[in-house]
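Accompanying notes for the structure given below.
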Amino acid sequence: MSNGKSPDGLLTNAKRLIKGTVRAMLSGAERFGKRTLIGGRVKFALDGKTVIGDQFTADGSLSAISIRTRKGGALSIGNHVYLNSGVSIDAWHDVQIGNDVLLGPFVSIIDNDRHEVEPGAILQRGPVIIGNNVWLGRNVAVMPGVSIGNGSVIGANSVVTKDIPPNSFAAGVPARVVRELTIPDGWVRH
Ligand SMILES: CC(C)(COP(=O)(O)OP(=O)(O)OC[C@H]1O[C@@H](n2cnc3c(N)ncnc32)[C@H](O)[C@@H]1OP(=O)(O)O)[C@@H](O)C(=O)NCCC(=O)NCCS
């Protein structure tokens, strides 16, 4: 049996890293960090400024992941960020994702409403800022103009329509803070 430490496992890991590096280089990002793992269907459409940090992992093996930066828009993703299957990120203006962030399956992040609800309605548009050490559970949708503070967790199926303070667990539609989290300095989720 091969594991990450056996010769076979080391070879498999090395192959995955090489594949990830090649896909990162072909992605069109202005900068892509080291130790990238990109598996399965991961579609990059990067027509705006896109910067991605080290240890980026995207697992599109079960459902395709889509990462888009529109012309004139900007997307920055920090170090050690994990995207599960089905994640969609669509940056028309400015999407910022910090370090040590976990995005659960089918998380959706968009910074522009795109369509009027009724004639003359104001379209929401604006930066989406996801802090460091944030975990978004399965199916979370983050609305335009929203910030999620460092250390916070958003429960599965929530829709985040307003800013969430740091170190909070928020859940629901719309997402409300359920409780404060006790997070020691330097602790990050895995
Ligand atoms: C993040 C999560 C683990 C938090 O769970 P937790 O710490 O056990 O939550 P709590 O027990 O403190 O819940 C507190 C309250 O919030 C409610 N709550 C928890 N998760 C909720 C959710 N996703 N939506 C709505 N309410 C939720 C609980 O029912 C509880 O309500 P009550 O006080 O009226 O009984 C959980 O919400 C979750 O999303 N789990 C799935 C994670 C996931 O998507 N994993 C996929 C891989 S990334």
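Whatever order the structure lists ligands and atoms in, that order sets their numbers, starting from 1. Remember, predicted model here, so these are calculated numbers, not experimental data. The figures that follow rest on heavy atoms only: side chains count, while hydrogens, waters and symmetry mates do not.
- Using a 4.0 Å threshold on non-hydrogen atoms, atom 35 (O) of ligand 1 does not count as touching the protein.
- Looking at Asp111 and His93, their side chains never bring a donor and an acceptor atom within 3.5 Å of each other.
- With hydrogens and angles disregarded, a donor-acceptor distance shorter than 3.5 Å links the side chain of Ser152 to the backbone of Pro165.
- Less than 4.0 angstrom separates atom 40 (N) of ligand 1 from none of the non-hydrogen atoms of the protein.
- Although no hydrogens or angles enter the test, the distance criterion places no donor-acceptor pair under 3.5 Å between the side chain of Asp100 and the main chain of Val188.
- Side-chain atoms of Asn99 do not come within 3.5 Å of backbone N or O of Gly78 as any donor-acceptor pair.
- Contact check for Val177 versus Phe169: no side-chain heavy atoms found under the 4.5 Å cut-off.
- For ligand 1, the polar-atom distance check against Arg138 finds a nitrogen or oxygen pair separated by under 3.5 Å.
- The backbone N or O of Pro166 sits less than 3.5 Å from a side-chain atom of Ser168, completing a donor-acceptor pair.
- The aromatic rings of Phe44 and Phe56 sit tilted relative to each other, their planes meeting at an angle between 30° and 60°.
- Using a 4.0 Å cutoff on heavy atoms, Asn157 does not count as a contact of ligand 1.
- By heavy-atom distance, the residue among Phe169, Phe106, Tyr82 lying nearest atom 19 (C) of ligand 1 is Phe169.
- In this structure, atom 14 (C) of ligand 1 has a protein heavy-atom contact shorter than 4.0 Å.
- Within a 4.0 Å radius of atom 8 (O) of ligand 1, the protein has no heavy atom.
- The atoms of ligand 1 that sit less than 4.0 Å from any heavy atom of Gly137 are 44 (O).
- Distances between N or O atoms of Trp135 and those of ligand 1 include no value under 3.5 Å.
- Close approach of ligand 1 to Gly104 (heavy-atom distance below 4.0 Å) involves ligand atoms 48 (S).
- Proximity to Val153 (heavy-atom distance under 4.0 Å) selects the following atoms of ligand 1: 1 (C).
- Of the protein's heavy atoms, Ala156 O, 2.9 Å lies nearest to atom 23 (N) of ligand 1.
- Considering backbone and side-chain N/O atoms, Ile154 never comes within less than 3.5 Å of an N/O atom of ligand 1.
- In this structure, atom 1 (C) of ligand 1 is in close contact with the protein, since a protein heavy atom lies within 4.0 Å of it.
- Protein heavy atom at the shortest distance from atom 16 (O) of ligand 1 is Val178 CG1, 3.6 Å.
- The existence of a salt bridge linking Arg68 and Asp47 is excluded, since no basic side-chain nitrogen approaches an acidic carboxylate oxygen closer than 4.0 Å.
- Proximity of atom 26 (N) of ligand 1 to the protein is indicated by at least one non-hydrogen atom lying closer than 4.0 angstrom.
- Here the heavy atom of the protein found nearest to atom 46 (C) of ligand 1 is Pro105 CD, 4.0 Å.
- If you check the side chains of Asn157 and Asn139, you find a donor sitting under 3.5 Å from an acceptor.
- Taking a cut-off of under 4.0 Å to the non-hydrogen atoms of Gly155, the atoms of ligand 1 that pass are 23 (N), 37 (O), 39 (O).
- Atoms of ligand 1 found under 4.0 Å from any heavy atom of Ala171, numbered from 1 in the order shown, are 21 (C), 22 (C), 24 (N), 25 (C), 26 (N), 27 (C).
- Contact atoms of ligand 1 toward Arg179: 7 (O), 12 (O) (distance under 4.0 Å to a heavy atom of the residue).
- Side-chain polar atoms of Ser6 and Asp8 form no donor-acceptor pair below 3.5 angstrom.
- Residues Thr69 and Thr50 bring a donor and an acceptor atom of their side chains to less than 3.5 Å of each other.
- A cation-pi arrangement, defined by a distance under 6.0 Å to the six-membered ring centre and an angle within 45 degrees of its axis, is present between Arg70 and Trp92.
- Distance alone, capped at 3.5 Å, is enough to place a donor-acceptor pair between the Asp54 side chain and the Lys34 backbone.
- Put simply, atom 30 (C) of ligand 1 has no protein non-hydrogen atoms near it, under 4.0 Å away.
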